[in-house]
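Below you will find the structure I want to go over with you.
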Amino acid sequence: MEALSRNFFLYLSKNKSLNKMAKRYGLKFGASKVVGGIDFDRTVSVIKNLNNRGLCTTVDHLGEFVNSVDETRERTAQEIHTIQTIAKEKLDAQTSVKLTSLGLDIDHHLVFENMRNILTEAQKHGVFVTIDMEDEVRCQGTLDIFKGLKTEFDNVGTVIQSYLYRSRDDINDLKKLLPNLRLVKGAYKESADVAYPDKKDVDDNLKQMIKDHLTNGNYTAVASHDDQIINFTKQFAEENNISRDLFEFQMLYGMRTQTQLDLVKQGYKMRVYVPYGNDWYGYFMRRLAERPANVAFVAKGMFRS
Ligand SMILES: Cc1cc2nc3c(=O)[nH]c(=O)nc-3n(C[C@H](O)[C@H](O)[C@H](O)COP(=O)(O)OP(=O)(O)OC[C@H]3O[C@@H](n4cnc5c(N)ncnc54)[C@H](O)[C@@H]3O)c2cc1C
């Protein structure tokens, strides 16, 4: 039943007509529970609200694939606007970007140029930028660009996914750059040629990666809703006298809100990933596919939003 429901929402997430309709009607069906707003200006009040509750944030502009150089430049300008708004509104916020929206599939020089413009503006305002990790075929390209940028900028980090066999080697290879890394399980459908098919191996590898990166003395963002991973991190840090300034937890906006607040109360840094933008529909459907329990959002949202 659960698999059926997952496939149903994944099917809906790819439906172009529904996507078009969603853009026309704004955040509906409870989507505002997991998406900050249809643009960044409308997301500011959501971030202020989170900040007032002790939660810091990273914001992500949701978007479809870009196909042209002009679209990547438009995305870059929008990202710069977001960074300027973060500074103007004094938000406790970082940004997260996907390199495909900045031209990864078009030309690496173009991505460097767009990222340099973004990071230069972000550096001016003390804003940190994380490069999200996309599917495995883009992993090496993303890491190459990250390494190039990291030699010029201190305010950039990236993501390593524990489902990939290569990831512990990547952490080892990157450690000399003293990188700030977000460690996750991984969100894409990958083949057993490159990724662990069993969840237990993905979980175990994430624990190993957390150990490796913290032991290397590098800043670690543990991005997971899984109590097992959160408790492991707390215990490992405690037993090894690792300062709470060296790591943080991250979760998605609208997921496990009480747990997020509990972690703040216990004195941990907790960052909420807040997506925003007109392309909210696919993201919303993927969250429903991931956790059909969230379908209750839809039922309630139908009457409210
Ligand atoms: C801040 C952030 C940034 C991310 N960035 C990337 C990225 O750049 N690239 C990428 O590939 N992936 C990214 N991801 C997604 C990530 O890779 C996982 O796909 C996703 O987080 C699901 O794995 P999990 O560790 O949260 O828990 P899962 O393995 O999905 O679940 C484990 C257990 O956690 C509990 N749980 C999970 N979700 C909930 C919930 N909503 N409510 C209650 N309990 C729950 C349940 O007990 C569940 O059995 C990111 C995730 C986060 C939180």
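Since this is a predicted model, take the numbers as computed values, not measurements. Counting starts at 1 for both ligands and their atoms, following the listed order. Computed over heavy atoms, backbone and side chain alike; hydrogens, waters and symmetry mates excluded.
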- Query: What atoms in ligand 1 come closer than 4.0 Å to a heavy atom of S224?
  - Reply: 24 (P), 25 (O), 26 (O)
- Item | Electrostatic pair R116:E113 at N-O distance under 4.0 angstrom | no
- Query: Which ligand 1 atoms does Q250 reach within 4.0 Å, using its non-hydrogen atoms?
  - Reply: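 Once the distances to Q250 are compared, the set is 1 (C), 53 (C).
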- Message: Within ligand 1, which atoms have a heavy atom of Q161 less than 4.0 Å away?
- Response: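 Listed by number with element: 9 (N), 10 (C), 11 (O).
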- Query: At a 4.0 Å threshold, what atoms of ligand 1 neighbour a non-hydrogen atom of Y188?
  - Reply: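 Result: 11 (O).
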- Query: Any sub-3.5 Å donor-acceptor pair from Y276's side-chain atoms to D39's backbone N or O?
  - Reply: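 No; judged by distance alone, with no hydrogens or angles, the pair does not exist.
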- Query: Does the side chain of L206 come within less than 4.5 Å of F232's, by heavy atoms?
  - Reply: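 Not touching, per the 4.5 Å side-chain cut-off.
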- Query: Judged by atom type as modelled, is there a donor-acceptor pair below 3.5 Å linking the side chain of N172 to the main-chain atoms of R168?
  - Reply: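 Side chain of N172 to backbone of R168, a donor-acceptor pair under 3.5 Å: no, none is there.
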- Query: Is the ring centre of Y196 less than 6.0 Å from the ring centre of Y165?
  - Reply: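 Yes, ring centres under 6.0 Å apart.
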- Atoms of ligand 1 close to R182 [distance to a heavy atom under 4.0 angstrom, numbered from 1]: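 Selected atoms, number and element: 3 (C), 4 (C), 5 (N), 8 (O).
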- Task: Find out whether R182 and T58 are in side-chain contact, i.e. whether some heavy atom of one side chain is under 4.5 Å from a heavy atom of the other.
- Result: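 Yes, side chains in contact.
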- Task: From atom 6 (C) of ligand 1, work out which of V184, L183, V272 has a heavy atom at the shortest distance.
- Result: V184
- Item | Numbered atoms of ligand 1 (with element) below 4.0 Å of V159, judged on heavy atoms | 7 (C), 8 (O)
- Side-chain contact, heavy-atom cut-off 4.5 Å: K269 with V264?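 No, too far: nothing below the 4.5 Å cut-off.
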- Query: Taking atom 37 (C) of ligand 1 as the point of reference, which of E134, K185, M251, H225 owns the nearest heavy atom?
  - Reply: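 The nearest heavy atom belongs to H225.
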- Mind checking whether L252 has a heavy atom under 4.0 Å from ligand 1?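 Contact present.
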- Query: With atoms numbered from 1 as shown, which atoms in ligand 1 lie under 4.0 angstrom from a non-hydrogen atom of K199?
  - Reply: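 What qualifies from ligand 1 is 29 (O), 32 (C).
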- Under 3.5 Å: donor-acceptor pair, side chain of E74, backbone of D70: no
- Item | Any I145 side-chain heavy atom under 4.5 Å of K150 side chain |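 No, their side chains stay 4.5 Å or more apart.
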- Show which atoms of ligand 1 fall inside a sub-4.0 Å distance from at least one heavy-atom site of G186. 11 (O), 16 (C), 17 (O), 19 (O)
- Heavy atoms only: which of M255, K98, R256, M133 is nearest to atom 7 (C) of ligand 1?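 That would be M133.
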- Closest by any non-hydrogen atom to atom 15 (C) of ligand 1: pick that one out of A187, C139, P275, S162.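 The option holding the nearest heavy atom is A187.
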